[in-house]
Amino acid sequence: MYPDAHCELDFTSPLELLVATILSAQCTDKRVNQVTPKLFARYPSAADYASADREELEGLIRSTGFYRSKANSILGLGRKLCDEYGGEVPGDLDALVKLPGVGRKTANVVLGNAFGVPGITVDTHFGRLVRRFGWTLESDPVKVEHAIGDLFPPKDWTLLSHRLIWHGRRICHSRRPACGACELARWCPSFGEGPTDEADAAALVRNGPFS
DNA sequence: ATCCCGAGGG
DNA sequence: CCCTCTGGAT
């Protein structure tokens, strides 16, 4: 299922993916991809973001929502990349999460999709689905990461993240999940009534299209 | 009305 | 743990 699940943000470098991911908060990827061509042309490097005019930057990203805080993050991001990393995006989690506007979710997206480092991206979809599947009861994203990391080998982490996120967006919605259209319903402990079943959860790991 | 692949701050 | 930031799509 979803053998070709992938990051739907358009980018050609770690810096572009980092900025696109920041913009994607509470916004569709499609809309992000509508603003990034002009944005990336106007600010090709971290130094260009660092010296950007705030209002011009805000104007270019306005339609993605949260544009003031996102512009703030991107300005600070450009400065910090220039001051501390020679204008390059660092390729490790600890450094990434210290950048303004970059949390663990964004950092893992960049690691997994721009640096080829296996990463589990625990966003709202991923967390909701693994709990429905009975793969963990944790809600803290870091604990979820570790729990799922124990169930799957690192080489599967990035693709697994994309697959669950796609499934969450298309079928397993937050409010009214489309269980009738879900290929996983027969293994899903949350389908129908009754408490979470550990055997079902294990079967979903073993037999499910995600393994 | 309600939701969207979050992060930072109190 | 709560709140805030924001426009767009449906």
Side-chain angles (χ1 to χ4, degrees), chain A residues 1-2 4-11 14 16-39 49 54-81 89-90 93-115 117-133 135 138-145 148 156-178 210:
Chain A
M1 186 156 74
Y2 312 129
D4 300 318
H6 60 274
C7 180
E8 296 182 84
L9 297 168
D10 295 335
F11 67 97
E16 289 188 359
L17 179 58
L18 182 54
V19 171
T21 307
I22 289 172
L23 294 179
S24 75
Q26 294 298 104
C27 179
T28 60
D29 289 358
K30 184 177 293 184
R31 171 130 319 260
V32 173
N33 291 336
Q34 285 171 7
V35 309
T36 47
K38 277 174 122 175
L39 187 71
Y49 288 120
R54 178 182 302 275
E55 297 195 1
E56 183 185 5
L57 177 56
E58 286 181 353
L60 285 169
I61 66 174
R62 188 181 52 82
S63 68
T64 67
F66 294 165
Y67 63 91
R68 277 185 284 259
S69 38
K70 286 174 181 175
N72 239 336
S73 295
I74 293 169
L75 280 167
L77 183 69
R79 294 196 196 104
K80 188 149 185 167
L81 289 179
V89 176
L93 185 67
D94 289 334
L96 283 168
V97 291
K98 287 178 190 158
L99 299 171
V102 181
R104 202 174 174 90
K105 181 259 172 177
T106 298
N108 273 133
V109 168
V110 172
L111 284 178
N113 300 284
F115 289 104
V117 178
I120 294 178
T121 305
V122 184
D123 65 5
T124 176
H125 293 302
F126 191 98
R128 180 179 71 251
L129 267 62
V130 295
R131 284 187 288 276
R132 282 182 177 164
F133 291 170
W135 288 352
E138 301 289 353
S139 53
D140 174 64
V142 177
K143 292 181 179 171
V144 171
E145 243 183 82
I148 307 309
D156 293 342
W157 289 353
T158 300
L159 180 56
L160 175 73
S161 299
H162 287 307
R163 284 171 162 172
L164 290 193
I165 291 164
W166 277 37
H167 191 59
R169 294 169 70 173
R170 291 162 175 74
I171 305 287
C172 194
H173 308 125
S174 175
R175 290 300 174 88
R176 294 174 52 236
F210 292 124

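No experiment lies behind these values; they were computed from the predicted model shown. Residue numbering restarts at 1 for every chain, and letters A, B, ... go by the order of the sequence lines.
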| Are any non-hydrogen side-chain atoms of A/L77 and A/V19 less than 4.5 angstrom apart? | yes
| Side chain to side chain, A/P90 and A/L81, heavy atoms closer than 4.5 Å | yes
Between [X] and [Y], is there a donor-acceptor pair closer than 3.5 Å when you use the side chain of the first and the backbone of the second?
X	Y	answer
A/K105	A/T124	no
A/R104	A/V142	no
A/N33	A/E8	yes

How long is the line joining [atom1] of [X] and [atom2] of [N], in whole Å?
X	N	atom1	atom2	answer
A/N113	B/dC5	CG	P	15 Å
A/R169	C/dA9	CZ	C1'	13 Å
A/D140	B/dG6	CG	P	16 Å
A/K30	B/dC5	NZ	P	12 Å
A/I74	B/dA7	CD1	P	13 Å
A/Q34	C/dG7	CD	P	16 Å
A/N33	B/dC4	CG	P	19 Å
A/N72	B/dA7	CG	P	16 Å

Taking the [atom1] atom in each of [N] and [M], what is the distance between them to the nearest angstrom?
N	M	atom1	value
C/dT6	B/dT2	C1'	15 Å
B/dA7	C/dG8	P	22 Å
B/dC3	C/dC5	C1'	16 Å

Taking atom [atom1] of [X] and atom [atom2] of [Y], what is their separation to the nearest 0.5 Å?
X	Y	atom1	atom2	answer
A/E55	A/E58	CD	CD	6.5 Å
A/K30	A/L9	NZ	CG	13.5 Å
A/S161	A/E145	OG	CD	8.5 Å

Closest non-hydrogen atom pair, [X] against [Y]:
X	Y	answer
A/D29	A/S24	OD1-CB, 4.0 Å
A/I61	A/L39	CG2-CD1, 3.9 Å
A/N113	A/F11	O-CZ, 3.5 Å

| request: Would you jot down, in residue-number order, the residues of residues 16-28 of chain A having a non-hydrogen atom under 4.0 Å from DNA chain B? | output: A/A25, A/Q26, A/C27
| task | Compare side-chain N and O positions of A/R175 against OP1 and OP2 of B/dT2 and report whether any pair is under 4.0 Å apart. | result | no
| task | Examine the side chains of A/Y2 and A/H167 and answer whether a donor and an acceptor come within less than 3.5 Å of each other. | result | yes
| request: On DNA chain B, check which nucleotide each of A/L9 and A/S73 is closest to and give me the residue with the more 5' one. | output: A/L9
| Close residues, residues 57-69 of chain A, relative to DNA chain C [heavy-atom separation under 4.0 Å] | A/R62, A/S63, A/G65, A/F66, A/Y67, A/R68, A/S69
| said: Can you pull out the residues from residues 95-112 of chain A that lie within a 4.0 Å heavy-atom distance of DNA chain C? | reply: none
